[in-house]
Amino acid sequence: MTSPQRYSKGLENLCIEDGDVDPINIISGQESNMFDEAIGHIEDVLMDPKFQDLQKSFLEKYWNEFEDSEENKLVYMEIFKEYTDVVEKFIENHLILSMKDFCMESFTSQLQERKDELEGEVFEILFTFTDFLVFKEMFLDYKAVKEGRVEDLGLNIHVTSV
Amino acid sequence: MGLLTVLKKLKQKEKEMRILMLGLDNAGKTTILKRFNGEDIDTISPTLGFNIITLEHRGFKLNVWDVGGQKSLRSYWRNYFECTDGLIWVVDSADKRRLLDCKKELHQLLDEERLAGATLLVFANKQDLAGALSFEEIRDVLDLTSIKTHHWQIVGCSAVTGSHLLEGIDWLIDDISARIFSLD
Ligand SMILES: Nc1nc2c(ncn2[C@@H]2O[C@H](COP(=O)(O)OP(=O)(O)O)[C@@H](O)[C@H]2O)c(=O)[nH]1
Ligand SMILES: [Mg+2]
């Protein structure tokens, strides 16, 4: 992890001698492991049947509010807020339970540092949780199934791509 | 800030902007929105909820949110503040009776922390009406020159004739993109 060039521009004056360990790199190495581990756990959450149950009971609770009209009701936005809170809490709780020393604040600041590398299916799915139009579509699909207009597709279309 | 809010902010790409359109009811917000979207503007009824459209313009993708402005709905505006790059405040320039109310609501919004980074475009709408105040008069009544916290601009326009709407949007895009680029 240490790159010798990092010391070549004046930093050698700062008491770093041969054999000394670079504390900065140790920390960032740990952080990077933690980061990857956290992503792995989020992947598990998305596949967890309990998570799908949670989504389903959320849909069950509110699908009646939704209508397939162009103008959105104000209540959709309140439901959307509640949804993102519930999803967020579920993921966070899972991370706290499965990783000792997990800290959401440092995790989100690492996300910010790595904002250009947030690719792959896990992030695709996480991004959809933040998208109101995806959320509305999910409810309209569920409603169509509930009203018997569409066959039941398993009702977890939005998580099956993991 | 929670995980999903952080991700939402990170996802927003350079060429994508979130625009929140507010103002008193009957100002012409929905008409402006439909006009941009090339839809019929003769059948618009008062907005009780909100509309969203996505516009492509000059290579930018604008997600424009139009939320109802009746007094009873204004307390819901706060649910739409997050991640706003640009605020469009629409004024009925002929509705002199309500300009003070309009001024009060606008200045309240500018105090909102979650709108702190947003660029402000004021549309002095309905310039086609004979009784409309000019955009300079609207600027003075709304006391825009006292605003030091936000980049702002006022444009006199008409949603019915379409005049000067694009001019306003172009300024908004320029200001937001200059801000976003200078951050990076
Ligand atoms: N003359 C004129 N009427 C307008 C203009 N823009 C909107 N209106 C009318 O004002 C009324 C309210 O418009 P609307 O878009 O529903 O306002 P909102 O409540 O702000 O969304 C409608 O009757 C529109 O036709 C304009 O530029 N000129
Ligand atoms: Mg409206």
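In what follows, chains carry the letters A, B, and so on, assigned in the order in which the sequence lines appear, proteins first and then strands, with residues in each chain numbered from 1. The shown structure was predicted, so the numbers you read here are calculated from the model rather than taken from an experiment.
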(request) Find out whether A/Leu74 and B/Tyr80 are in side-chain contact, i.e. whether some heavy atom of one side chain is under 4.5 Å from a heavy atom of the other. (result) yes
(request) Examine A/Trp63 and A/Val86 and state if one hydrophobic cluster contains both, with Ile, Leu, Val, Met, Phe, Trp and Tyr joined whenever side-chain heavy atoms are less than 4.5 Å apart. (result) yes
(message) Which atoms of B/Phe50 are under 4.5 Å from chain A, going by heavy atoms: the side chain, the backbone, both sets, or neither?
(response) both
(message) Check B/Glu82 with A/Lys81, please: is the shortest side-chain N to carboxylate O separation under 4.0 Å?
(response) no
(request) Assess whether atom NE2 of B/His151 is packed by more than 12 heavy atoms of other residues, nucleotides or ligands within 6.0 Å. (result) no
(message) Please tell me whether B/Ile88 and B/Ile44 are part of a single hydrophobic cluster in this structure, the criterion being side-chain heavy atoms less than 4.5 Å apart.
(response) no
(request) Select one option (side chain, backbone, both, neither) describing which atoms of A/Asp85 are under 4.5 Å from chain B's heavy atoms. (result) neither
(message) Would a single hydrophobic cluster contain both B/Val160 and B/Val90, if residues Ile, Leu, Val, Met, Phe, Trp and Tyr are joined by side-chain heavy-atom contacts under 4.5 Å?
(response) no
(message) If hydrophobic clusters are built by linking Ile, Leu, Val, Met, Phe, Trp and Tyr wherever their side-chain heavy atoms come under 4.5 Å apart, do B/Ile32 and B/Ile41 end up in the same one?
(response) no
(request) Could you have a look at A/Tyr76, A/Phe80, A/Phe132 and say which one has the most heavy-atom pairs with chain B under 4.5 angstrom? (result) A/Phe132
(message) Would you say A/Glu78 and B/Asn79 are linked by a side-chain donor-acceptor pair, where the criterion is simply a distance under 3.5 Å?
(response) yes
(message) Heavy-atom cut-off 4.5 Å, strictly under: side chain, backbone, both or neither for A/Glu105 against chain B?
(response) neither
(message) Measuring from atom CD of A/Glu92 to atom CG of B/Leu4, what distance do you get when rounded to the nearest 0.5 angstrom?
(response) 10.0 Å
(message) Heavy-atom count check: over 12 atoms from other residues, nucleotides or ligands less than 6.0 Å from B/Arg114 CZ?
(response) yes
(message) If hydrophobic clusters are built from ILVMFWY residues whose side chains come within less than 4.5 Å, do A/Leu140 and A/Leu133 share one?
(response) yes
(message) To the nearest 0.5 Å, what is the distance between CG on A/Leu118 and CG on B/Leu7?
(response) 7.0 Å
(message) If I measure from the heavy atoms of chain A, does B/Thr30 come under 4.5 Å with its side chain, its backbone, both, or neither?
(response) neither
(request) Work out which heavy atom in B/Val6 is nearest to a heavy atom in A/Gln112; give both atom names and the distance. (result) CG1-NE2, 4.1 Å
(message) A side-chain contact here means heavy atoms from C-beta on lying under 4.5 Å apart; do A/Asn72 and B/Asn51 qualify?
(response) no
(request) Compare every heavy atom of B/Lys8 with every heavy atom of A/Thr130, then report the nearest pair and how far apart it is. (result) O-NZ, 3.6 Å
(request) State the NZ-CG distance between A/Lys73 and B/Leu48, to the nearest 0.5 angstrom. (result) 11.0 Å
(message) Taking side chain as everything from C-beta outward and backbone as N, CA, C, O, which of these in B/Trp65 sits under 4.5 Å from a heavy atom of chain A? Side chain, backbone, both or neither.
(response) side chain
(message) Within this structure, what is the CG-CZ distance for the pair B/Leu10 and A/Arg114, rounded to the nearest 0.5 Å?
(response) 12.5 Å
(message) Check this for me: B/Phe36, atom CZ, are more than 12 non-hydrogen atoms of other residues, nucleotides or ligands nearer than 6.0 Å?
(response) yes
(message) How about CZ on B/Arg97, more than 12 heavy atoms from neighbouring residues, nucleotides or ligands closer than 6.0 Å, or not?
(response) no
(message) For the interface with chain B, which of A/Leu111, A/Asp131, A/Ile91 has the highest count of heavy-atom pairs at distances below 4.5 Å?
(response) A/Leu111
(message) Within a 6.0 Å radius of atom CD on A/Glu117, are there more than 12 heavy atoms belonging to other residues, nucleotides or ligands?
(response) yes
(message) Could you tell me if the side chain of A/Lys115 sits less than 4.5 Å from the side chain of B/Lys9, heavy atoms only?
(response) no
